[in-house]
Each structure stands twice: as structure tokens, then as C-alpha cells.
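Reading through the C-alpha cells given below for one structure.
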Amino acid sequence: MPKLQIIISSTRPGRVGPSIGAWVAEQAGARGGFDVELIDLADVDLPLFDEPKHPRLGDYAHDHTQRWAASVASADAFVFVMAEYNHSFTAPLKNALDFLSAEWQHKPVGFVSYGGVAAGTRAVQAIKPVVAALSMIPAGPAVNIAFVGQKIDSTGTLRADDAMEAAAKLMFDELARWIEVLAPLRPGR
Ligand SMILES: Cc1cc2nc3c(=O)[nH]c(=O)nc-3n(C[C@H](O)[C@H](O)[C@H](O)COP(=O)(O)O)c2cc1C
């Protein structure tokens, strides 16, 4: 079964990222067809990029990079759970992307964004050239959650509506299609 990694991209204390990530993982599990893994960049705990060689060489000096590389290499597709910070995506996510190269390549990525009135959509638009540089395929269907603070209850659970669930399903279906289409570009998998 293909592995879908859901990556929480905010790391600050008090963040809502884990609430959104838990919902995405639940939705992906309910759909079926994926081995779902929830990754929290706060737990991955990478330093600011500190590899001496270009990641394209895959010659990683540090244990933390080798661990991160093994984790990302094990995935067939991703969902980035994206906070919007100053009209863009988070620094921890850019850092986590920059650490690696081939491990991201020829894999599809879906976006679940959140924020205020713009629902994190500026963060999604900002990351598209970055994932393209890594030869990733951005899924068109996405989940964009506006006024996210109002949608999380006192237990920290995201109160999703039908439209959000329908959007998530479209995104997962698209990721599943891209996994099939991209398989010939990933020989040995
Ligand atoms: C540094 C910072 C910048 C922010 N910039 C934006 C923004 O540009 N657009 C927006 O809709 N919300 C913005 N917000 C509000 C976030 O959408 C909101 O705090 C959200 O909970 C952040 O995700 P997190 O809780 O997972 O960190 C910003 C929040 C922070 C902390």
C-alpha cells in the first residue's frame, strides 16, 4: 500500500497545526488505500540547514539529515499541513524541504492550508515553485480552512464541515492517481 506522509509545518508552542494534522490523518485513514503516517516537524527537530554538500549529492554528513532522508524516502506522497505566516509558508517547512533532494522527487503533494480570511492560500501559492524545483507534483484539489481559530473546539479538535471533507477526498483521490502515473519515474519502488 502506498505510504502517505502528512507533514505538520508549524512548530511554535500553542500552534493549531497538530489539530489540523490529526484531522487530515483521520480523513486519509477513513478513505483507505494509504498507509498513513503523521509527521510533526516539531518532533523532527531539524536545525537550520547545516549540510556542507548540496543535497543533490545525497551525501549527508549529519545523523539528523540521514534520519530525515530515510523518513521522506519511505513516502510515496505527501500532504503538507500549512500555516500561513506573513503571506507565505513556514520557515520550518522550507528548511525541511531544502535538507533533501532525491527523496522528494517525482512524488505528489497535496496541501491543507489554514489561516484568516485567505485560508492559507497565499502560503500554498508561494510553495508551488519550491516543490516544482524539487520535481514534486502539486495536486490541484486542496483543503483551505479560513478563520481556523473559530473551527477548533475547546478540546483542540477541528470541527470540519462537509465541504472540507469533500475537498479532502478529492485531494486524496488526486494523490492516488499521481502515485500511479509517477511510478515509472521511480524505478525500484
Ligand atoms: C508569524 C505569524 C504570521 C502570521 N501571518 C499570517 C498571514 O499572513 N495570514 C494569515 O491568514 N494568518 C497569519 N497568521 C495567523 C495564523 O494563521 C494563525 O496564527 C495560525 O494559527 C498559525 O498556525 P499555527 O497555529 O499552526 O502556528 C500569522 C501567525 C503568525 C504566528
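Throughout, residue positions are numbered sequentially from 1 according to the sequence presented. Read the numbers this way: they start at 1 and go in the same order the structure lists the ligands and their atoms. Remember, it's a predicted structure, so these values are computed and weren't measured experimentally.
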Of all the atoms in ligand 1, which lie at a distance below 4.0 Å from a heavy atom belonging to S10?
-> 24 (P), 26 (O), 27 (O)

Atom pair CD1 (I179) and CZ (R186), whose distance is rounded to the nearest 0.5 Å | 8.0 Å

Flag: protein heavy atom within less than 4.0 Å of atom 22 (C) of ligand 1 | yes

Should V117 be counted as touching ligand 1, given the test is an N or O pair under 3.5 Å?
-> no

Looking only at non-hydrogen atoms, which of R15, H87, E84 approaches atom 13 (C) of ligand 1 most closely?
-> E84

So the atoms of ligand 1 within less than 4.0 Å of a heavy atom of G17 turn out to be 26 (O)

Salt-bridge present (K3, D35; N to O < 4.0 Å) | no

Decide whether an N or O pair under 3.5 Å exists between G116 and ligand 1.
-> yes

min-distance protein heavy atom vs atom 18 (C) of ligand 1 -> R12 NH2, 4.8 Å

Heavy atoms only: give me the nearest K107-V72 pair and the separation to one decimal.
-> NZ-O, 3.1 Å

Go through ligand 1 atom by atom and flag the ones less than 4.0 Å from a non-hydrogen atom of R122.
-> 9 (N)

Aromatic ring proximity, centroids under 6.0 angstrom, W68 and Y60 | no

Nearest-neighbour protein heavy atom for atom 17 (O) of ligand 1, which is reported as residue plus atom name and distance | G115 CA, 3.4 Å

Pair T121-N144, side-chain donor/acceptor within less than 3.5 Å | no

How close does the nearest protein non-hydrogen atom get to atom 2 (C) of ligand 1, and which residue and atom is it?
-> Y85 CD2, 3.7 Å

